[in-house]
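Counting starts at 1 for both ligands and their atoms, following the listed order. Scope of the values below: all heavy atoms of this structure, side chains included, with no hydrogens, waters or symmetry mates. Heads up: numbering here begins at 1 and tracks the sequence.
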Amino acid sequence: MLWTGKYSPKNFDEVLGNVKIKDAIVEWTEEWLMGNTQNCLLLIGPAGTGKTTLAHLAANEFSEYIELNASDKRSYDIILNTIGEASASKSLFGDGLKLIILDEVDGIHGTEDRGGTRAISKIIKEGHHPLIMMANDPYSKRLKSLKTKCNTLILRKVHTNSIVALLKRICVKEGVEFEEHVIRNLAKSSNGDLRSAINDLEVIARGKTKITSEDLELLSKKDDIINIFDSVRTVLKSKNPRRIKDAMKVEAEPSFLIELIAENIPREYEKVDELQKAYEMISLADIYLGRAFNTRVYSYWKYTYELMSLGVALSKEETYRKFSRFTNSSIFAMLSKSRAKRDLKDKVAKKMGEKLHTSKKVVKEQFPYMEIMFQNDETAYELATYYGLADDEVKLFRSRKIKVKKSKTKKSVPKDSKPDSFNGFRSKSATKKSDSPAKKTEKSLNEENKVLKSENKKKDKKRNNKKLSDTKSSVKSEDKEKKSDKNGKDNSQTSLFNF
Ligand SMILES: Nc1ncnc2c1ncn2[C@@H]1O[C@H](COP(=O)(O)OP(=O)(O)OP(=O)(O)O)[C@@H](O)[C@H]1O
């Protein structure tokens with residue numbers, strides 16, 4: 001069980017802060033239970049201040065409760081059917097009253113939850129049911145009419161000292177030693193959000209006997225990464241200018257933020273108009289960023305930030321209530337991939353250049369031919385050994401499959417000079433049930449001689465006697481080479497140039 005659940009208040013006394021609001025809720029509950037119909041309650045406050053906790057504590061006093069939150073659909077029909085269930089079991093004497101809890105009413109979606117706000121207004125007007133609603137955004141348009149019909153209770157952020165006290169209590173119960181400043185730091189950085197304070201404590205303290213400043217540093221690094229995505233999420237999810245401006249107070253390169261926002265726009269926005277406007281804003285933001293760099297007038301950054309945040313956020317007609325999986329920028333991923341490939345090419349060209357006594361540029365021009373030569377397992381093995389290439393460097397030439405016309409002549413490499421498998425390939429000689437090495441070389445020599453003889457015969461017909469004698473002498477010299485091969489001499493350099 002998470003610590004937020006484990007240490008969630010079990011009664012109203014354990015709820016920290018907002019004393020008057022607690023009292024008002026207790027009184028409201030008692031009145032309903034005594035049979036006195038009450039106005040519905042609208043709890044508005046920042047995340048993690050205890051709105052849901054208070055509603056659930058109130059629900060404990062009723063015989064049952066029904067809850068619809070942001071992950072449920074809340075259309076007209078669904079809300080009224082749910083309430084219908086509640087009214088079916090309503091007793092005349094106030095017993096068996098079901099409390100209705102509607103969480104995040106500021107997030108009721110215009111399209112998916114069509115008629116949701118109308119349904120809520122209907123329930124409020126009829127006034128038969130105890131109803132508690134919660135919202136985060138006090139400026140939401142959706143709350144305008146609800147505020148006039150309900151008792152609106154505004155929750156304040158929980159005071160840092162109260163959070164410190166709770167975190168210390170948790171540490172004692174969990175048997176974790178702590179330094180005072182670590183706990184105070186956690187409490188301060190939670191900015192009045194008790195859920196996040198408890199979660200952060202759990203991240204650094206669970207399974208430990210002591211927490212120190214080092215744990216805090218680790219936590220802040222994790223937060224940096226998460227914060228960038230939080231900023232992107234706020235820009236794409238919200239239309240509240242204040243929240244969006246706050247979200248932009250993140251330590252990240254503006255170009256990186258633009259990329260991240262641009263990448264994720266289509267994951268959130270659905271209408272073509274919204275997409276078009278949002279990308280116009282992104283391109284303008286990019287123009288101003290370029291101007292800032294070119295002219296060194298960094299006041300242009302202000303426009304960059306406003307266009308990529310407010311500009312993009314206000315390009316949507318309304319907020320979408322859906323789960324979107326935001327991702328990292330694919331351009332940055334692609335750039336880092338191609339940079340890695342470029343580095344690898346440089347490394348290989350340097351190694352080969354040293355052996356061939358030539359520049360990296362010249363070697364790189366030979367890479368397409370190398371790719372062809374490396375298609376053959378045995379040649380690849382010889383070349384890699386000669387140039388001293390590691391497996392990942394060999395992959396540079398073997399990642400693509402190229403069809404190569406099979407040569408009629410077979411080249412034999414002494415068996416004991418190569419392993420059974422090379423870079424994921426089994427050499428043909430290793431897979432075959434082979435003859436003894438001596439027999440094998442004799443066989444292959446005979447075969448080669450046969451091929452050469454037939455070639456010579458063909459040439460005989462076409463060429464004159466002088467050329468024939470030339471061919472014979474070249475055959476002899478090749479024979480010599482093959483023999484020296486047999487004696488274990490490294491001839492990989494010759495094979496490279498023969499190609
Ligand atoms: N006032 C509080 N006193 C004690 N614990 C609290 C308080 N507020 C929050 N917590 C802790 O934080 C957890 C989450 O709180 P809760 O869900 O009630 O916040 P919320 O205001 O409804 O947040 P949200 O708006 O994100 O839904 C609780 O389970 C509890 O552990």
Side-chain angles (χ1 to χ4, degrees), residues 1-26 29 40-61 65 67-72 74 99-108 131-140 142-143 146 150 152-174 183 186-206 226 230 233-234 237-238 240 242-243 246-247 319 321 323:
M1 191 186 202
L2 291 175
W3 286 3
T4 43
K6 193 170 171 186
Y7 296 104
S8 190
K10 306 291 175 286
N11 53 53
F12 283 102
D13 290 337
E14 285 180 19
V15 177
L16 301 175
N18 294 301
V19 179
K20 281 186 185 164
I21 288 172
K22 272 195 296 186
D23 292 345
I25 296 172
V26 171
T29 310
C40 61
L41 290 183
L42 175 59
L43 309 183
I44 305 178
T49 46
K51 299 180 295 295
T52 315
T53 308
L54 284 167
H56 285 171
L57 287 172
N60 288 343
E61 305 299 321
Y65 76 95
E67 184 171 2
L68 285 177
N69 52 42
S71 56
D72 302 307
R74 295 176 294 183
L99 172 70
I100 300 159
I101 299 175
L102 292 176
D103 202 355
E104 293 186 40
V105 279
D106 45 348
I108 286 187
L131 169 66
I132 300 182
M133 291 175 285
M134 284 90 83
N136 286 107
D137 182 1
Y139 305 104
S140 167
R142 276 176 238 286
L143 299 184
L146 288 181
C150 306
T152 305
L153 304 175
I154 311 272
L155 279 88
R156 307 251 165 265
K157 286 179 181 174
V158 182
H159 198 276
T160 309
N161 287 344
S162 307
I163 301 180
V164 169
L166 177 67
L167 296 184
K168 282 183 180 174
R169 256 202 318 278
I170 295 176
C171 281
V172 171
K173 286 197 177 155
E174 292 292 327
I183 296 290
L186 280 179
K188 265 190 188 165
S189 57
S190 74
N191 194 21
D193 179 344
L194 257 162
R195 186 199 288 111
S196 92
I198 301 171
N199 278 340
D200 284 351
L201 178 68
E202 186 172 2
V203 167
I204 63 170
R206 197 175 190 124
I226 292 170
D230 283 348
R233 183 169 286 108
T234 308
K237 287 261 174 215
S238 171
N240 179 337
R242 198 174 43 84
R243 281 182 68 185
D246 283 349
T319 51
R321 196 170 57 75
F323 173 73

ask   = Rounded to the nearest 0.5 Å, how far apart are OG of Ser196 and CG of Asn191?
value = 8.0 Å

Matching residue for Lys51 among Asn136, Asp103, Ile44 - test: side-chain contact (heavy atoms from CB on, under 4.5 Å) = Asn136

request  = Mind running salt bridge (charged side-chain N to carboxylate O under 4.0 Å, His left out) on Lys6 and Glu174 for me, showing each step along the way?
outcome  = CA-CA 11 Å; Lys6 193 170 171 186; Glu174 292 292 327; 2.7 Å; yes

Winner among Gly50, Ala55, Gly192, Ser162 once heavy atoms are compared against atom 8 (N) of ligand 1 = Gly50

task = Mind checking whether Leu54 contacts ligand 1 via backbone (N, CA, C, O), side chain (CB onward), both or neither, at a 4.0 Å heavy-atom cut-off?
result = neither

message = Test your reading of the structure: does Leu166 have an N or O sitting under 3.5 Å from an N or O of ligand 1?
response = no

query = So is Gly45 close enough to ligand 1, meaning a heavy atom under 4.0 angstrom away?
reply = no

ask   = For atom 2 (C) of ligand 1, what is the nearest protein heavy atom, given as residue, atom name and distance?
value = Leu194 CD1, 3.3 Å

request  = Can you pull out the closest protein heavy atom to atom 22 (O) of ligand 1? Residue, atom name and distance to 0.1 Å, please.
outcome  = Thr52 OG1, 2.5 Å

query = If you draw a 6.0 Å radius around CZ in Arg156, do more than 12 non-hydrogen atoms from other residues or ligands fall strictly inside?
reply = no

inquiry  = Among all the protein's non-hydrogen atoms, which is closest to atom 21 (O) of ligand 1, and how far away is it?
reply    = Lys51 NZ, 2.8 Å

key: Side-chain ion pair, Asp230 and Arg233, N-O less than 4.0 Å   = yes

inquiry  = For Lys10, is the NZ atom crowded, meaning more than 12 foreign heavy atoms sit under 6.0 Å from it?
reply    = yes

query = For ligand 1, which atoms, with element, lie under 4.0 Å from some heavy atom of Ala47?
reply = 23 (O), 25 (O), 26 (O)

note = Here the gap from Ile132 atom CD1 to Ile100 atom CD1, rounded to the nearest 0.5 Å, amounts to 10.5 Å

ask   = Is there a nitrogen or oxygen of Gly48 sitting under 3.5 Å from a nitrogen or oxygen of ligand 1?
value = yes

task = For ligand 1, find out whether one of its N or O atoms is nearer than 3.5 Å to an N or O atom of Thr53.
result = yes

key: Nearest neighbour in protein (non-hydrogen) for atom 3 (N) of ligand 1   = Leu16 N, 2.9 Å

request  = Report yes if the side chains of Asp200 and Ile204 come closer than 4.5 Å at any heavy-atom pair, otherwise no.
outcome  = no

ask   = What protein heavy atom sits nearest atom 31 (O) of ligand 1, and how far off is it?
value = Thr4 O, 2.7 Å

key: Lys22 (side chain) donor-acceptor with Phe12 (main chain) under 3.5 angstrom   = yes

message = Quick test: of every protein heavy atom, which one is nearest to atom 24 (P) of ligand 1, and how far off is it to 0.1 Å?
response = Arg195 NH2, 3.5 Å

query = Looking only at heavy atoms, is any part of Ile198 under 4.0 Å from ligand 1, and if so is it the side chain, the backbone, or both, or is it neither?
reply = side chain

query = Looking at CG of Leu201 and CZ of Arg206, how far apart are the two atoms once the value is rounded to the nearest 0.5 Å?
reply = 11.0 Å

inquiry  = Counting only nitrogen or oxygen atoms and a 3.5 angstrom limit, does Asn136 reach ligand 1?
reply    = yes

query = Would you say Pro9 contacts ligand 1, with heavy atoms under 4.0 Å as the rule?
reply = yes

